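Written below as structure tokens is the structure these notes are about.
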Protein chains: 2
Amino acid sequence: MAVKKPSIREVAAYAGVSTATVSNVFSGRKPVNDELKKSVLEAAEHLGYQIDRAASQLRSGRTRIIAVLVPDLTDTFFATIVSRLETQAFAEGYDVIVASSHDDPSVESSRLKALLSWKPAGLIAVPCSSSIPAELIEIEKTLPMVLVDRVASEGAIADTVTIDNREAGQIAARHLLEHGHRDIVIAVSDLDYPPIFERAEGAAGLIAQRTGARPVTLRLGTNMEAGAGIFSDWMDRNTAPGAVIALTNVTTLSVLSALAERRIAIPDRTSIVAFDDYAWMAARNTGLTAIRQPVDQLAETAWKRLQLRMDMGMEAPAEPSVLNASLVVRDSVRDVDSRKPHPVGNNAPDTALPGEGLLTTSRQGKNIH
Amino acid sequence: MAVKKPSIREVAAYAGVSTATVSNVFSGRKPVNDELKKSVLEAAEHLGYQIDRAASQLRSGRTRIIAVLVPDLTDTFFATIVSRLETQAFAEGYDVIVASSHDDPSVESSRLKALLSWKPAGLIAVPCSSSIPAELIEIEKTLPMVLVDRVASEGAIADTVTIDNREAGQIAARHLLEHGHRDIVIAVSDLDYPPIFERAEGAAGLIAQRTGARPVTLRLGTNMEAGAGIFSDWMDRNTAPGAVIALTNVTTLSVLSALAERRIAIPDRTSIVAFDDYAWMAARNTGLTAIRQPVDQLAETAWKRLQLRMDMGMEAPAEPSVLNASLVVRDSVRDVDSRKPHPVGNNAPDTALPGEGLLTTSRQGKNIH
DNA sequence: CTGAAAGCGCTAACAG
DNA sequence: CTGTTAGCGCTTTCAG
């Protein structure tokens, strides 16, 4: 029933101390005698006192807000990142304000403005396109911020956290090559996204090096059904490829959808390496072999960097963090040539095909790091 | 370089008006002469002025914050709701603070407290369990709030938005019955969640009415792999059922996973009706017939109700909104008895099996409302 | 270590 | 319609 909320003053009066002491008890910015502290806490408890963030923020200029901007909350990849960030931030006493740009630069810019008007303590953003918005560049000097995923790791204007996308592409390509595949199509969403471009480069480069020709790269866009149509049309004009590397979650769906519609058997007729590892990929008759991004680790790294940046201030140079993707082997890639299945390098395998890795096993598939 | 942010006063000075006028221009709470308004806007633009939310909030006591609490951001269903809410709220000048309870009541309660300390203008919550947290009951009288999904629609303490879960269960059951299925297993996550309980009730009731026996109900929990194990174990002790109704996104995955592991053909050996309609369900050789919840509509309804509540105040009685799920027909249900395929009712089909509906078609499947 | 007092930037109330 | 003025609740000097 207590409609009226107690302020710091009533707590101070009740505890028989000054407002400054109460403030210090709650903010912890100055030490307070244990006895006093206890009576303040009791008074607060008794009155049901809760600090008023607005007032606190206005006076101190500081905030416990972390702004998070992603292209699309509906995408499990981004949602997972937000979820982890939320958990971490909360544990450290921060609250998270989310905004989604819906992959639209103009929305992104207006959401960004709204986010910044909170004067957040930090910003974690997944920009929606390669061109980092002008807003970000401008505020970069004054606001701790880290950019995740949709950025080129070199030449970044701020701290970045990404996976080694080139390597990720190579892992997929190498897996296919090692299984004797040569007729490989690379399915991408949009080459304007730096990670996609790099994945495509990594995969195409390795394939070219082995086969002497760059593979076909198909742009399927970011809409599953449209992408399925594009891939289907392409198959009309050509034949179904021996294998496809899908460099994105939705391109994976597009490819599967088009393949299913045409009753093309996986992996018997065409093999597939998917991107991003989701639960549904295991819940099929032929589980999907996929490149897994370490999503949780991505989020944790971003959070740690942001904390560092908030502590260090803006002087320290921007630094990129690059994590590694791994391959989860299931059943969607077949052996083309059973005579010499594995080693693909002719004479110097390790120099030709860099990045050998750990091999572990899980219930869901073999995990090759 | 403008490290120092301009306040309302500099804008006022620059535009040659008073601070109150500037305030009115930005808040729109009082009309301002067009000419003055223009010069204020120009001044603001010129100085790069941005309203300080903390100060505004402190003074006015009002806030443009909507608190959103969900059990799990990682679940596409909830993420979609959050995403829609975020969009809607932003369009009306609100910002969204999200919190995830990770399906843990104690986390829920502490997150709730944090959320409330923002003194949000409204709260939209998907509680994590049936027992609505005491905090919510307490604040219900003072804070506009709407509860979504995880609530019983009757006896609610606040505005609620749900689907007709009983009907949803019936739709699934009826579809199977109409295709001649009798050996039906219902796979649920946890019967403590009211929506799940109601879906199970709806399905089981209809099946019992038709077959004279209540179907087996299996509790697979909320973890996909564990659920697959449970279902697999059950099949060890019995045989694979003729059909299964999976009442949840993750139970669907559990069931598929267990079936795939045992190479049980869908729908030839066992048919399946899934819950929640996701992209991957269409991107398979045998597309999944599924109950689709109108997620977007759920979010929009919740937002509209909240707005209403924010306008009306707390006096108006709490009101439940109930939306309808629909059936998306794909290929995972087979005709058991091809002689008399469709009508299941013996003599009075419509009274025995309520809820006939619209029938539309989409690229992805036939959509029976 | 604690208390007194001065605002942070804004909006509400009221007077013009 | 616009200007003046008085705080919102807190944190922060600065003295004690």
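The sequence lines fix the lettering, A, B, ..., with proteins before strands; numbering per chain opens at 1. Remember, predicted model here, so these are calculated numbers, not experimental data. All heavy atoms count here, side chains included; hydrogens, waters and symmetry mates do not.
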Test side chain to side chain donor-acceptor pair (under 3.5 Å) applied to B:R150 and B:D192, B:D103, B:T162, the passing residue: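 Answer to the side chain to side chain donor-acceptor pair (under 3.5 Å) test with B:R150 among B:D192, B:D103, B:T162: B:D103.
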
Length of the [atom1]-[atom2] vector between [X] and [N], whole Å:
X: B:R53; N: C:dC10; atom1: CZ; atom2: C1'; value: 14 Å
X: A:I8; N: C:dG3; atom1: CD1; atom2: P; value: 12 Å
X: B:N33; N: D:dG3; atom1: CG; atom2: P; value: 10 Å
X: A:N24; N: C:dG3; atom1: CG; atom2: C1'; value: 11 Å

Can a side chain N or O of B:T21 be found less than 4.0 Å away from OP1 or OP2 on D:dG3?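 B:T21 to D:dG3 OP1/OP2: side-chain N or O found under 4.0 Å.
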
Is there a side-chain polar atom (N or O) of B:S23 under 4.0 Å from OP1 or OP2 of C:dT11?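 Yes, because at least one side-chain N or O of B:S23 sits under 4.0 Å from OP1 or OP2 of C:dT11.
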
Name the nucleic acid region contacted by [X], choosing base, sugar-phosphate or nothing; use a 4.0 angstrom heavy-atom cut-off, strictly under.
X: A:V32; result: sugar-phosphate
X: B:R9; result: base
X: B:V22; result: nothing

Side chain to side chain contact (heavy atoms under 4.5 Å, CB included) between B:L112 and B:L123, worked out: CA-CA 10 Å; B:L112 208 44; B:L123 168 68; 4.2 Å; yes

Indicate whether the side chain of B:R53 and that of A:S117 have a donor and an acceptor atom separated by less than 3.5 Å.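 Per modelled atom types, B:R53 and A:S117 side chains form a pair under 3.5 Å.
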
Sub-4.0 Å heavy-atom contacts from residues 37-52 of chain B onto DNA chain D, ordered by number: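 None, since no heavy atom is under 4.0 Å.
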
Among residues 54-64 of chain B, which ones have heavy-atom contacts with DNA chain D below 4.0 Å?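 Residues of residues 54-64 of chain B under 4.0 Å from DNA chain D: B:L58, B:R59.
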
Should the ring pair B:H46 and B:Y14 be called parallel, tilted or perpendicular, given that the plane angle runs from 0 to 90° and is split at 30 and 60?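 If you compare the ring of B:H46 with that of B:Y14, the planes turn out parallel.
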
